[in-house]
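Working notes for the structure below.
Chain letters run A, B, ... following the sequence lines, proteins first, then strands; residues in each count from 1. Just so it is clear, the values below take in all heavy atoms, side chains as well, and ignore hydrogens, waters and symmetry mates.
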There are 2 protein chains.
Amino acid sequence: MKFDYDIYSDRCPTRAVLDRIADKWALLILDRLALGPTRFNVLRRDITGISQKVLSQTLKLLERDGLISRTAYPTVPVTVEYALTPLGENLTEAVAAFAHWAESNMEAIRKAQLAYDRRERRSDAGVTPKASR
Amino acid sequence: MKFDYDIYSDRCPTRAVLDRIADKWALLILDRLALGPTRFNVLRRDITGISQKVLSQTLKLLERDGLISRTAYPTVPVTVEYALTPLGENLTEAVAAFAHWAESNMEAIRKAQLAYDRRERRSDAGVTPKASR
DNA sequence: CGCACTTGGTTTCCAACGGAAACCTGAAAC
DNA sequence: GTTTCAGGTTTCCGTTGGAAACCAAGTGCG
């Protein structure tokens with residue numbers, strides 16, 4: 001079976017999907033949910049730096065795309081648990097490979113950045129590196 | 001060998017890397033470059049919808065991180081070719097898995113979206129789906 | 001009773017980012 | 001001299017993101 005989808009075309013619906021999953025926060029959420037169903041505030045505390053607004057938005061969109069499920073338990077206060085759906089689990093391997101590539105290659109990247117910045121300084125002007133803003 | 005990096009922590013340098021590669025445009029560029037070295041305007045034309053500004057910015061950042069290389073040939077007009085570095089090639093498998101997961105799972109996602117939107121309509125209010133803005 | 005505290009959000013405000021389009025540099029070709 | 005090409009940068013403006021405040025419902029505490 002072949003797909004007539006083309007990720008390089010902005011008219012292709014796959015682009016919208018890429019837009020959703022190729023996102024720092026979505027990736028971290030999916031990766032974290034791979035460890036098991038998790039409540040809203042636990043996600044918020046574990047994924048340092050995410051704001052409530054963005055967490056809530058991202059969860060809603062991931063739910064709409066069928067990657068995660070949301071279950072509210074009528075405890076007090078209400079408990080809301082998010083979990084991967086089978087479709088979402090389907091993606092976890094790729095997500096994990098991706099998210100943890102950074103951990104494995106951090107040294108090489110740091111070296112590359114230092115070399116680049118040294119070169120830039122020699123050749124004057126200089127792209128403003130994000131870190132120095 | 002263990003890494004004391006933690007992708008969930010916003011103080012971890014890996015978060016900055018994730019920030020860079022977990023980006024729609026960066027992914028598409030890396031995936032496209034996996035096919036071979038490519039000139040600026042070819043990238044711009046192939047990756048539909050990217051703006052020159054963002055393409056140029058993203059290329060610069062990917063170069064700084066050592067994932068791609070930039071080579072200018074003194075032709076007329078000047079030709080600039082971008083290519084994956086070994087470090088970048090190292091990442092292409094994960095990128096491809098990721099970028100093309102969308103193509104393989106498009107049907108399931110579309111179904112999930114339709115089901116979600118139908119449920120939303122029944123239960124009134126409704127999260128505004130991106131498509132209807 | 002009245003206040004604090006919990007979860008799971010939404011709202012508000014402002015700064016940062018992204019996209020569209022114009023502009024720029026340099027050289028050749030018309 | 002002005003049109004064309006590559007490869008960008010700049011400008012302008014609308015959308016998005018983060019920080020923090022606010023909110024509802026219910027329980028515990030004094």
Point to revise | Interatomic distance where CZ belongs to Arg39(B) and C1' belongs to dC5(D) [whole Å] | key: 10 Å
Practice item. Starting at atom CZ of Phe40(A), determine the distance to atom C1' of dA25(D), rounded to an integer number of angstrom. Key: 17 Å
Exercise for review: Could you check whether the rings of Phe40(A) and Tyr82(A) sit parallel, tilted or perpendicular, using 30° and 60° as the cut-offs?
Suggested key: tilted
Exercise for review: For side-chain contact (heavy atoms from CB on, under 4.5 Å), just list the numbers for Ile21(B) and Leu67(B), CA-CA rounded to whole Å, side-chain angles, deciding distance to a tenth of an Å, and then say yes or no.
Suggested key: CA-CA 10 Å; Ile21(B) 62 178; Leu67(B) 296 171; 3.9 Å; yes
Review point. Which nucleotide in the set dG8(D), dG8(C), dA6(D) lies at the smallest distance from any side-chain heavy atom of Arg45(B)?
Key: dA6(D)
Review point. Side-chain N or O of Tyr73(B) less than 4.0 angstrom from OP1 or OP2 on dG7(D)?
Key: no
Review point. What are the two closest non-hydrogen atoms of Val17(A) and Met106(B), and how far apart are they?
Key: CG2-SD, 3.6 Å
Review point. For the pair made of NZ in Lys60(B) and P in dG7(D), what is the distance, rounded to whole Å?
Key: 15 Å
Review point. Can you check whether Tyr82(B) has a side-chain N or O nearer than 4.0 Å to OP1 or OP2 of dA6(D)?
Key: no
Review point. Can you hop from Val42(B) to Leu27(B) via hydrophobic side chains spaced under 4.5 Å?
Key: no
Revision key, fill the gap. Note: for Lys24(A) and Gln52(A) on DNA chain D, the residue whose nearest nucleotide lies more 5' is Lys24(A)
Check your understanding: Under 4.0 Å between a side-chain N/O of Arg44(A) and OP1 or OP2 of dG8(C), yes or no?
Key -> no
Practice item. Nearest-nucleotide wise, let me know which of Gln57(B) and Gln57(A) is further upstream toward the 5' end of DNA chain C. Key: Gln57(A)
Check your understanding: For Ile47(B) and dG19(C), what is the distance between atoms CD1 and C1' respectively, to the nearest whole Å?
Key -> 16 Å
Practice item. Check the distance between dC5(C)'s P and Asn41(A)'s CG and give it to me in whole angstrom. Key: 16 Å
Exercise for review: May I have the distance from Glu81(B) (atom CD) to dG7(D) (atom P), rounded to whole angstrom?
Suggested key: 10 Å
Review point. Rounding to a whole Å, what distance do you find between Arg15(A):CZ and dG18(C):C1'?
Key: 14 Å
**Study point:** Phosphate OP1/OP2 of dT11(D): any Lys53(B) side-chain N/O under 4.0 Å
**Key:** no
Point to revise | DNA chain D stem ranges, 3 or more consecutive Watson-Crick or G-U pairs under 3.5 angstrom | key: C:1-30 with D:1-30
Check your understanding: If you check the Arg70(B) side chain, which of dA6(D), dG7(D), dG26(D) turns out closest?
Key -> dG7(D)
Check your understanding: Taking the side chain of Pro77(A) as heavy atoms from C-beta outward, which of dG8(C), dT10(C), dT6(C) is closest to it?
Key -> dT6(C)
Review point. Does Gln57(B) CD have over 12 foreign heavy atoms under 6.0 Å away?
Key: yes
Review point. What are the two closest heavy atoms between Ile7(A) and Ala102(B), and how far apart are they?
Key: CD1-CB, 4.3 Å
Study note, to complete from the structure: Out of dA19(D), dG7(D), dT10(C), minimum distance to the side chain of Ser51(A) belongs to dA19(D)
Check your understanding: Are any of the side-chain nitrogens in Lys24(A) or Asp19(B) under 4.0 Å away from the carboxylate oxygens of its partner?
Key -> yes
**Study point:** Closest-nucleotide 5' rank along DNA chain D - winner of Asp23(A) and Val76(A)
**Key:** Asp23(A)
Revision key, fill the gap. Atom CD1 of Ile50(B) and atom P of dC17(C) are separated, to the nearest Å, by 17 Å
Review point. What does Thr75(A) touch in the nucleic acid at a heavy-atom separation under 4.0 angstrom: a base, only the sugar-phosphate, or nothing?
Key: nothing
Check your understanding: So, is Trp25(A) close to the dG18(D) phosphate, meaning a side-chain N or O under 4.0 Å from OP1 or OP2?
Key -> yes
Point to revise | side-chain N/O Ser56(B) vs dT9(D) OP1/OP2, d < 4.0 Å | key: yes
Exercise for review: Go through the steps for Leu18(A) and Trp101(B) under the test side-chain contact (heavy atoms from CB on, under 4.5 Å), then give the verdict.
Suggested key: CA-CA 9 Å; Leu18(A) 188 67; Trp101(B) 181 90; over 6 Å; no
